[in-house]
Structure formats: C-alpha cells, structure tokens
Amino acid sequence: MRSILPKGESRKRRSIAARAITCVLVALLALPFAGCSASPNATGGTAGSQEYTVSVSLSGGSGRASIASPTTIVKDGDTYTATITWSSSNYDKMTADGVDYAPVNDGGNSTFEIPVTLDEDIAVSAETVAMSTPHTIDYTLHFDSSTMKEKSDDDASGGSPAGTASSAAADFHNADLGCGWEPTGALQLEYAEHFTVDEFEGGLRLICVSNGERFLVVPQDAKVPDGLSSDIAVIRRPADKVYLVSSATMCLVDALDANDNILMSGTKANDCSVAGFKRALESGAIAYGGKYSAPDYERISASGCTLAIENIMINHTPDVKEKLQKLGLVVLTEQSSSEPEALGRVEWIKLFGVLFDKEDEAAHLFNEQKARVEQTSGLASSGKTVAYFYINSNGAAVTRRAGDYVAQMIELAGGSYALDDAQTASTSGSSVTLEMERFYATAKDADIIVYNGTIDESVATLNDFVGKNALLSQFKAVKNGNVWVTSADMYQQMTSTADIIDELHGAFTGDDASDFHYLRKLG
C-alpha cells in the first residue's frame with residue numbers, strides 16, 4: 001500500500017531514510033580502518049575521488065521534462081556518480097539498473113545522485129507526482145565523456161535545465177533600480193523564459209522583458225522611488241487605461257476578468273474570438289484604436305490611454321512605438337510568441353496578473369492549465385509522426401521550427417514532430433518556409449497532417465487541401481485520410497492550451513472528434 005503523505009514530507013522522509021542507511025553502511029565499512037582518516041581534496045570530496053562537469057542528454061518521455069546540463073559527476077576509482085537535477089520539483093523517485101533512488105534535496109527542483117557510465121545509453125525511470133496519481137516515465141540518459149572537464153571552485157553545482165525559466169533570464173534580467181533599493185523576492189516562473197518579475201517593498205514590482213524593456217509597476221497611492229534608472233518606465237497598478245494591441249493576449253485579459261481595464265484595442269470585434277472581449281468590443285466598452293502599424297493617434301490620445309501592450313510585430317514599425325511614447329504612453333512589447341514551451345506562453349498570464357493586480361488569480365489559472373497539460377502529456381505516446389504547415393501563395397510549405405511551442409504541443413499530445421532541427425534550421429524565427437519538393441522529401445511519410453487554418457482559412461475539404469499543390473496527394477496521411485485543419489481562432493486561445501493539446505491527442509489516437517473545436521478532420 002502506498003503511504004499517502006504531503007509531497008514535501010514524503011520526499012523528506014525518503015531522503016532521511018536513504019541517508020541514514022548510507023551512513024550506517026559507511027560506518028560499518030570504515031570500522032577496520034578506524035585509525036585512518038581520509039583527507040579532503042580540493043573539491044571537498046575525499047582523497048581518491050574527483051569532481052568533474054559533463055554534458056548529459058535526456059530522451060524519452062513527453063519531451064517536456066529536462067535535466068541540468070552540464071552537471072556534476074564524481075569519479076571514485078572506476079565508479080562515476082552523477083547529480084541529476086530535473087526541471088520540475090515533482091519527481092519523488094528515480095530507478096536505475098533496478099535500484100530505487102530518493103531525492104537528495106528537500107526543496108527546489110528534484111535532484112538525485114545515481115551511478116552512471118559514460119558514452120552509453122542508460123535506461124532510467126522517474127516517478128512524477130504532478131498528476132492526480134503518481135506516474136512512472138521511462139527516459140534515457142547519455143553522458144558524453146568528450147565534454148568532461150575537472151570542476152573548479154568557480155563552477156556551479158549544475159547547469160540550467162534546457163527550457164526552464166532560469167536558462168534565458170541571465171541575458172536580460174536586471175533588478176538594479178538605480179536608487180539603492182534591493183529586491184525582497186521574485187515571482188516564481190516555471191516555464192516562461194522571456195520575462196522576470198522582482199518584488200520590492202511597498203508592493204512595487206519590476207518587470208524585465210527579454211527585449212531589454214524594464215517597467216516598475218507601482219501601486220496607485222505609492223511614491224515612485226527617487227533616483228530611478230532612466231531606462232525604467234513606470235506603470236501604475238492596476239493598469240486601467242490600456243491600448244491592447246497584442247491580439248494573442250486578449251484571452252489572458254479576459255480570463256483575469258480585466259476587460260474593464262482596457263480602453264482601446266488593436267483588434268476589431270469581427271476579428272476577435274475571445275467571447276468576453278468580443279462582447280466588450282461590440283458594446284463599445286472597448287473602442288477600436290487601429291491596428292499595430294496604423295494606430296488612431298488622435299483617438300488614443302483623447303481616450304487618456306497610458307499603456308500600450310504590443311507584440312513583436314511592433315518591431316517592424318519602430319516609428320509607431322516612438323510616436324506612442326511621445327503621446328505619453330508607456331509601450332510594453334510582450335514576447336509570449338518567442339517562448340519555446342507551450343506552458344511558457346501561458347505563464348505570461350502572471351505578468352498580466354502583476355499589471356492588473358490579480359496575481360493570485362493568474363497563478364490559479366496557470367496552475368489549472370499546467371495540471372491538465374501534464375496529465376495529457378503523461379499518457380502513452382501515440383507513436384504517430386505529425387506534419388504541421390500551410391501552403392503559401394507561392395506553393396511553398398510554411399511549417400514551424402523544431403523546438404517551437406507548436407512542435408512541443410504536438411509532442412505533449414503524444415505525437416512526434418515530423419521535422420527535426422536540421423530540416424528547419426533555415427531560419428532563426430518560428431516559421432520555416434520550405435520549397436514543396438524539399439518539404440515532401442522530409443514529411444511525405446508523416447502519419448498525420450495538421451494544416452494551419454489560423455493562417456490559411458481557405459481549406460474546407462480534402463479537395464481544397466490537395467488542390468494547393470499536386471505533391472500533397474502523394475503524402476501518406478492524405479492517402480490514409482488523416483488530414484486535420486485547425487480553427488482560425490486557435491492562435492487567440494492561449495488560455496485554451498490544455499484543450500488544444502487534448503484535441504491533438506484525440507486526433508492522434510482516433511478519439512471521437514464530434515465535439516472538437518480547434519481541430520476538424522478533412523473529408
């Protein structure tokens with residue numbers, strides 16, 4: 001029978017028990033040599049052992065989890081013991097070569113110490129308690145001896161897990177207000193890599209965005225600190241006079257019940273699929289202020305808007321951003337579309353929670369999505385390969401870069417993205433355009449096709465689809481009648497990420513699709 005304990009208490013007891021057993025064994029082994037003492041070496045180990053750093057790769061599972069690389073490895077004679085630090089705190093057991101290992105830490109991301117071999121694939125399993133019941137997931141580790149180097153005193157205990165919130169923040173995170181104030185804490189992010197939030201006394205919050213923008217969010221009745229750095233723009237909290245241009249984040253505002261905080265939008269009612277936000281546009285509660293490249297400056301100025309929330313498209317029209325700023329608006333350029341993780345995009349709701357003084361609501365909504373996504377990602381893989389693309393006006397296939405959040409959503413849903421890094425390396429952006437002959441050679445054997453209807457709404461039937469390019473009729477998925485198209489509104493539904501992944505999983509496994517909203521099978 002499984003002992004039911006709070007996660008932290010269960011982990012703590014297992015860790016204490018494991019350490020106690022280890023101490024007893026060490027003591028027994030040391031009895032014959034009681035007169036000898038091991039002298040510490042330079043890295044804090046015992047004589048005869050040495051610490052190194054080494055790159056480690058992880059494969060298997062849903063593709064969402066990651067481990068720190070490079071990591072620490074201790075060599076003692078012919079034995080290597082590696083530190084495995086996961087990108088989640090939800091792993092409470094690892095199994096390697098039939099032996100169970102408990103975490104060696106009581107807080108933070110789950111960390112284990114296990115014996116390993118170099119330059120070989122090592123089969124391990126890890127038990128996660130992130131879902132309603134514990135799940136054991138199989139993985140493969142591989143330690144590359146060519147990357148191993150002796151660990152110095154300056155080395156950290158391990159690298160940053162790929163795809164975790166900490167891995168990108170170092171490039172842009174700057175908590176120095178310029179006035180001597182020190183942070184009292186930080187908003188905890190699990191997946192988002194393109195913003196950070198530092199907390200200061202008096203309810204002040206400093207937002208750093210990966211494009212270099214910094215914003216100090218200050219309560220309405222609080223004083224702005226003297227001597228604030230000139231690059232920091234001030235936003236009063238809650239922000240209540242907003243020109244929201246980023247259409248992908250309308251769902252975040254709506255989910256937080258913050259539509260009343262928006263005065264103007266860059267999206268017309270006919271182009272909005274977020275129900276609550278759409279009603280506000282239709283009723284006139286939110287006015288249309290012009291699209292990102294052609295705002296109605298006179299109307300925006302007259303409305304009293306103080307904050308414009310743009311997406312990265314504003315980078316194509318820097319003169320627009322400059323003119324909005326001259327009108328007295330603070331311009332925040334959200335970067336959610338740059339997040340490599342699907343849940344990283346969703347986690348931007350926490351930034352909006354800061355802006356609208358709804359941090360608790362934002363955390364709750366994010367955790368709901370996270371739990372549902374992790375539940376689906378813990379299901380068995382479908383074993384199906386999936387191609388995701390649309391055909392542009394030149395007859396070329398426009399797909400998504402391997403590692404992009406769309407490709408990751410496919411992986412989380414139990415599919416395998418049909419294109420790899422090498423095949424989509426022609427651009428540093430998210431979209432990749434491939435001539436049809438090249439795309440056919442790489443994706444023709446995909447089990448399932450998902451056509452991007454958010455960009456190309458002209459495909460209503462299978463005949464419409466194959467009419468885009470003659471080569472499409474030769475794809476395996478077309479011959480097997482396994483072609484799907486996304487709804488036009490899918491890109492506006494960030495808060496429905498769990499629903500979209502659930503529907504993808506259903507499409508891959510042959511579930512009843514009669515109640516699907518975001519996917520439709522072409523016939």
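A salt bridge between Lys75 and Glu51 is absent, with no side-chain N of the basic residue lying under 4.0 Å from a carboxylate O of the acidic one. Looking at Arg438 and Glu435, no side-chain N of the basic residue comes within less than 4.0 Å of a carboxylate O on the acidic one, giving no salt bridge. A salt bridge links Arg214 with Asp231: the closest approach of a Lys/Arg side-chain nitrogen to an acidic carboxylate oxygen falls below 4.0 angstrom.
Taking the six-membered ring where the residue is Trp, Tyr139 and Tyr91 present perpendicular rings, their angle passing 60° and hence far from 30°.
Listed by chain and number, the residues in a salt bridge (Lys or Arg N to Asp or Glu O under 4.0 Å) with Lys521 amount to none (sequence neighbours excluded). Shown here are the ring pair (Phe, Tyr, Trp, His ring centres under 6.0 Å) partners of Tyr440, two or more places apart in sequence or in another chain: Phe475. Applying the ring pair (Phe, Tyr, Trp, His ring centres under 6.0 Å) criterion to Trp484, with sequence neighbours excluded, gives no partner residue. Residues that satisfy the side chain to side chain contact (heavy atoms under 4.5 Å, CB included) test with Asp489, not counting sequence neighbours, are Ser273, Ser487, Gln493, His517, Tyr518. For Asp121, the side-chain hydrogen bond (donor to acceptor under 3.5 Å, both in side chains) test picks out His142, with sequence neighbours left out. Under the side-chain hydrogen bond (donor to acceptor under 3.5 Å, both in side chains) criterion, Ser336 pairs with Glu334, sequence neighbours left out. In this view, Arg345 satisfies the salt bridge (Lys or Arg N to Asp or Glu O under 4.0 Å) rule with no residue, not counting sequence neighbours. Checked against side-chain hydrogen bond (donor to acceptor under 3.5 Å, both in side chains), Asn211 has the following partners two or more places apart in sequence or in another chain: Glu213. Residues meeting the salt bridge (Lys or Arg N to Asp or Glu O under 4.0 Å) test with Asp512, sequence neighbours left out: none. Considering only residues two or more places apart in sequence or on other chains, Ala258 meets the side chain to side chain contact (heavy atoms under 4.5 Å, CB included) condition with Val253, Leu256, Asn261, Phe356, Lys358. Judged as a side-chain hydrogen bond (donor to acceptor under 3.5 Å, both in side chains), and not counting sequence neighbours, Asp515 has no contacts.
Counting only N and O atoms by type, the side chains of Tyr390 and Ser431 include no donor and acceptor under 3.5 Å apart. Residues Ser55 and Asp144 have side chains that never bring a donor and an acceptor to within less than 3.5 angstrom of each other.
The two atoms that bring Asp447 and Gly383 nearest to each other are OD2-O, 4.0 Å, heavy atoms only. Nearest heavy-atom pair across Asp420 and Ala402 is C-CB, 3.6 Å.
Sequence neighbours left out, the pairs with a member in residues 496-507 that pass salt bridge (Lys or Arg N to Asp or Glu O under 4.0 Å) are Arg372-Asp499, Arg372-Asp502.
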